[in-house]
K.L.:
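Encoded as structure tokens, here's the structure I'll be asking about.
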Amino acid sequence: MPITNDTSKPCLVETRQGLSVLYENRFLYSKYNPAASIERLVETLELKNNTLVLCFSPILGYGLEKLAEKIPAGCFMLAIEADASLLELYHKNFFPQENESLAGKIGFLGPNRLHEIYTLLTKKNQITDNGVPLPHPGTFKYCVRVDFSAAPALRQAEYQGIQQHAELAVANFWKNRLTLIKMGRLYHRNILRNLALLPYSSEIPVKKIESPLLVLGAGPSADKTIEEMSLLSEDLRKNIFILAVDAVVPALMARRVKPDLVLALECQQAIQQAYTSATDAELFLVADLTSRPSILHYDTAHRFMYGEKSPGKNCTGGTTAFFSTEFAGSRFLERLQQQGFIQQKLPPMGSVGIVAMEMALLLRKNQNVPVYVSGLDFSYLMERSHCKESFQVKNTFLKANRVKPAGSYHSLGNPTTTKQAGKSGMVYSDQILSYYRQIFCDRFQGVTAAYDVGQKGFDLALERRDFSQVITEISGMKKVSAKEGNSIKNIAGNNQKLAKKIWEFYSKEEVVLQELREGLSTGNICQERILEILEEADYLYLHFPDGYKPSLDISFLKRVRSEIDFFLKDIALGKKLLEE
């Protein structure tokens with residue numbers, strides 16, 4: 001029948017076989033048999049176990065009960081509506097239809113929370129708009145979209161974005177699980193040790209840097225930039241704030257260029273080689289809480305042998321400021337933030353170069369302060385992977401032999417390595433580096449006053465600039481006074497109040513772990529208490545292959561019992577550092 005009334009707002013329309021919805025001169029269901037087409041679609045669906053089903057715009061609920069009857073184990077139906085104009089119809093027609101066949105199997109998210117969908121699917125204990133809890137992260141291995149009406153066609157780009165974020169959340173969970181299985185225990189052990197250094201740490205100078213920032217990665221393109229920096233006068237050098245990743249420190253020290261800030265992200269022992277030429281440089285380190293403790297503490301500096309023991313000094317004799325990346329949806333990290341131990345949090349980005357760029361944008365006083373990038377190549381040359389003086393390149397010479405002579409980069413044997421076009425010729429990259437480059441481009445494309453001054457590697461989707469011209473421009477700027485220069489960094493102090501709070505945190509954690517150890521050894525502990533402790537102290541098992549949620553399985557608890565002693569030692573070490 002012809003419709004002549006105003007249809008800018010959705011309205012119900014009676015048809016021969018049920019209600020339909022008319023919206024923006026379009027029927028969102030058939031005007032003859034509204035339920036038939038969606039029910040036929042549901043019948044054809046073949047779903048695997050542990051599938052997240054995105055039920056887009058199921059306004060009147062047609063087909064939901066039929067879908068709930070056929071979904072296999074571990075599946076969950078998430079109804080999503082992006083159009084606020086349709087919400088009234090949900091309250092009148094959708095929610096009242098929920099019955100036992102749908103109980104616990106379907107949650108609802110409206111337009112106000114759809115921007116949170118990635119977080120909702122990657123964090124524990126999340127609740128949907130209709131009060132249904134979302135399953136534990138890791139429940140889903142697949143993600144399927146089903147359009148339950150024609151409404152998604154009216155907002156194609158928005159629904160496509162929701163689908164992509166949901167699929168990314170499911171995929172990234174399992175990618176992150178692989179990282180946690182390998183590195184999770186080390187991350188948490190490093191955190192427990194580094195907590196003791198917080199009372200002696202500096203603050204990150206957020207939004208305080210007025211000078212142009214130079215972000216230096218350790219890629220081959222950093223060589224020319226470092227050389228040009230080394231030729232500057234001391235006065236001109238003060239007009240540029242150098243933010244360097246840890247791996248480029250040897251190259252800077254070789255040219256006698258002292259960075260204003262070094263970003264420390266690596267948690268493994270190998271990174272200590274980056275600091276061997278900087279033990280007296282007094283560098284200001286900004287470090288992730290998961291970073292290698294021995295570079296943040298005096299025990300790897302040669303001054304330790306001479307008896308100087310100051311927890312406020314890192315291995316270069318300088319001070320340290322801390323931030324944290326949310327590498328997992330961990331209750332332990334949430335507790336640290338609630339206690340106030342985490343002041344600055346950054347999203348997990350995998351690459352120290354990407355974090356360095358994120359940090360630079362965090363430090364600059366306003367969007368007009370320029371940020372120049374070099375050495376973030378996300379690729380390597382045939383002859384070397386990093387800048388010339390980096391420890392990675394030096395190691396290739398030390399390990400050279402007839403099979404792998406110096407000048408041939410061994411990663412070219414990686415099956416994912418491909419030869420691709422770079423800024424100035426062909427470069428080599430693999431799946432991981434290409435993935436990081438894509439993250440960089442997606443995140444920083446269009447950022448105001450951000451420029452790429454590197455001459456090698458991949459294009460970074462930033463405006464290209466010649467660094468020689470940049471130096472000429474900077475030379476005409478007002479000189480930075482000594483007073484202004486000193487204000488950039490904060491001198492570390494001894495925060496006794498924070499030290500006491502961390503000591504109490506250690507002590508409580510120690511008591512709880514000892515209770516769990518004794519209970520698991522003797523059997524004198526109830527299951528409810530075990531789960532309660534495991535939920536709070538998830539660092540005990542997040543690195544297990546099956547450790548994305550606590551379990552009372554005997555093999556799981558045996559593994560937890562063996563981990564307790566390791567973490568008790570780390571807590572004891574942290575308390576010892578606080579005593580100093």
Side-chain angles (χ1 to χ4, degrees), residues 205 209-264 274-278 280-286 316 318 352-353 355-357 359-361 363-364 369-377 381 384-394 423-424 449-457 460 462-482 484-486 488-489:
I209 309 304
E210 299 182 57
S211 303
L213 292 101
L214 173 62
V215 177
L216 271 179
S221 68
D223 286 323
K224 190 173 188 304
T225 307
I226 294 172
E227 181 181 357
E228 292 177 317
M229 286 296 300
S230 69
L231 299 176
L232 299 182
S233 65
E234 185 176 350
D235 285 342
L236 184 53
R237 162 66 188 83
K238 289 179 181 178
N239 275 9
I240 304 175
F241 187 94
I242 300 178
L243 192 164
V245 304
D246 42 20
V248 81
V249 168
L252 289 168
M253 293 295 101
R255 290 282 185 170
R256 298 183 180 180
V257 177
K258 182 179 178 181
D260 296 280
L261 184 154
V262 174
L263 190 69
Y275 298 91
T276 54
S277 61
D280 288 314
E282 297 185 355
L283 301 178
F284 177 46
L285 303 187
V286 173
T316 72
V352 65
V355 177
M357 184 64 177
M359 184 62 66
L361 299 180
L363 298 183
R364 64 178 181 173
V369 176
V371 176
Y372 303 103
V373 178
S374 181
L376 303 186
D377 301 340
L381 306 177
R384 55 193 168 88
S385 59
H386 293 70
C387 54
K388 290 178 181 177
E389 296 294 332
S390 64
F391 73 88
Q392 292 93 335
V393 170
K394 290 180 178 178
K423 300 174 196 170
S424 57
Y451 308 99
D452 180 8
V453 296
Q455 296 183 355
K456 297 184 174 77
L460 300 179
L462 301 178
E463 182 181 334
R464 302 274 296 280
R465 297 287 297 275
D466 185 276
F467 194 58
S468 299
Q469 294 179 350
V470 170
I471 291 176
T472 302
E473 294 173 8
I474 292 175
S475 63
M477 296 173 56
K478 174 187 172 183
K479 298 293 186 291
V480 179
S481 69
E484 289 171 328
N486 290 335
I488 287 173
K489 300 174 187 176

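Reckoned from all heavy atoms, side chains included, excluding hydrogens, waters and symmetry mates.
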K.L.:
Taking only residues two or more places apart in sequence or in another chain, which ones pass side chain to side chain contact (heavy atoms under 4.5 Å, CB included) with Ala360?
P.N.:
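Residues passing side chain to side chain contact (heavy atoms under 4.5 Å, CB included) with Ala360: Leu213, Val215, Leu243, Val371.
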K.L.:
What is the distance from atom CG of Asn239 to atom CG of Leu232, rounded to the nearest 0.5 Å?
P.N.:
10.0 Å
K.L.:
Do you know the tightest heavy-atom contact between Ala222 and Val248?
P.N.:
CB-CG2, 4.5 Å
K.L.:
Checking Leu231 now: which residues fulfil side chain to side chain contact (heavy atoms under 4.5 Å, CB included) with it, not counting sequence neighbours?
P.N.:
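For Leu231 there are no side chain to side chain contact (heavy atoms under 4.5 Å, CB included) partners, ignoring immediate neighbours.
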K.L.:
Which residues satisfy the side chain to side chain contact (heavy atoms under 4.5 Å, CB included) test with Arg255, sequence neighbours excluded?
P.N.:
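If we apply the side chain to side chain contact (heavy atoms under 4.5 Å, CB included) test to Arg255, skipping adjacent residues, the hits are Ile226, Glu227, Ser230, Val257.
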K.L.:
If the condition is side chain to side chain donor-acceptor pair (under 3.5 Å), which residues does Arg465 pass it with, not counting sequence neighbours?
P.N.:
Glu473
K.L.:
Between Leu285 and Tyr275, does the side chain to side chain contact (heavy atoms under 4.5 Å, CB included) criterion hold? Intermediate values first, please.
P.N.:
CA-CA 11 Å; Leu285 303 187; Tyr275 298 91; 4.0 Å; yes
K.L.:
Output the distance between atom CZ (Arg464) and atom CD (Gln455), rounded to the nearest 0.5 Å.
P.N.:
8.0 Å
K.L.:
Roughly how far, to the nearest 0.5 Å, is CZ of Phe467 from CD1 of Ile474?
P.N.:
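Reported to 0.5 Å precision, the distance equals 6.0 Å.
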K.L.:
Name all residues meeting the side chain to side chain contact (heavy atoms under 4.5 Å, CB included) criterion together with Ala449; count only those two or more places apart in sequence or in a different chain, and write none if there are none.
P.N.:
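If we apply the side chain to side chain contact (heavy atoms under 4.5 Å, CB included) test to Ala449, skipping adjacent residues, the hits are Arg364, Tyr451.
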K.L.:
Looking only at heavy atoms, which two atoms of Met359 and Val286 are closest? And how far apart?
P.N.:
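Answer, listing the atom of Met359 first, then Val286: CE-CG1, 3.8 Å.
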K.L.:
Just verifying a value: how many Å separate Phe284 CZ and Asp260 CG, rounded to the nearest 0.5 Å?
P.N.:
10.0 Å
K.L.:
Any side-chain heavy-atom pair from Lys238 and Ser233 closer than 4.5 angstrom?
P.N.:
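SC-SC contact between Lys238 and Ser233 ruled out.
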K.L.:
Within the distance-only criterion (no hydrogens, no angle test), does the side chain of Lys456 pair as donor or acceptor with the backbone N or O of Asp377 below 3.5 angstrom?
P.N.:
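Side chain of Lys456 to backbone of Asp377: no pair is present.
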K.L.:
For Met229 and Leu252, what are the C-alpha separation, side-chain angles and deciding distance, and is it a side chain to side chain contact (heavy atoms under 4.5 Å, CB included)?
P.N.:
CA-CA 9 Å; Met229 286 296 300; Leu252 289 168; over 6 Å; no
K.L.:
To the closest 0.5 Å, what do you measure between CE (Met357) and CG (Leu460)?
P.N.:
8.5 Å
K.L.:
Over all heavy atoms of both residues, which pair between Thr225 and Val453 is shortest? Give the atoms and the distance, please.
P.N.:
OG1-O, 4.4 Å
K.L.:
For Glu228, what residues pass the side chain to side chain donor-acceptor pair (under 3.5 Å) criterion, not counting sequence neighbours?
P.N.:
Lys224, Ser468
K.L.:
Roughly how far, to the nearest 0.5 Å, is CG of Leu261 from CG of Leu216?
P.N.:
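Going from CG on Leu216 over to CG on Leu261, the span is 12.0 Å.
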K.L.:
Please report the shortest heavy-atom distance between Ile240 and Leu214, naming the atom on each side.
P.N.:
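It is CG2-CB, 3.9 Å.
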K.L.:
Identify the two heavy atoms, one from Val249 and one from Ala278, that lie closest to each other, and give their separation to 0.1 Å.
P.N.:
CG1-CB, 3.9 Å
K.L.:
So, the side chain of Ser221 versus the backbone of Gly457: is there a donor-acceptor pair under 3.5 Å, distance only?
P.N.:
no
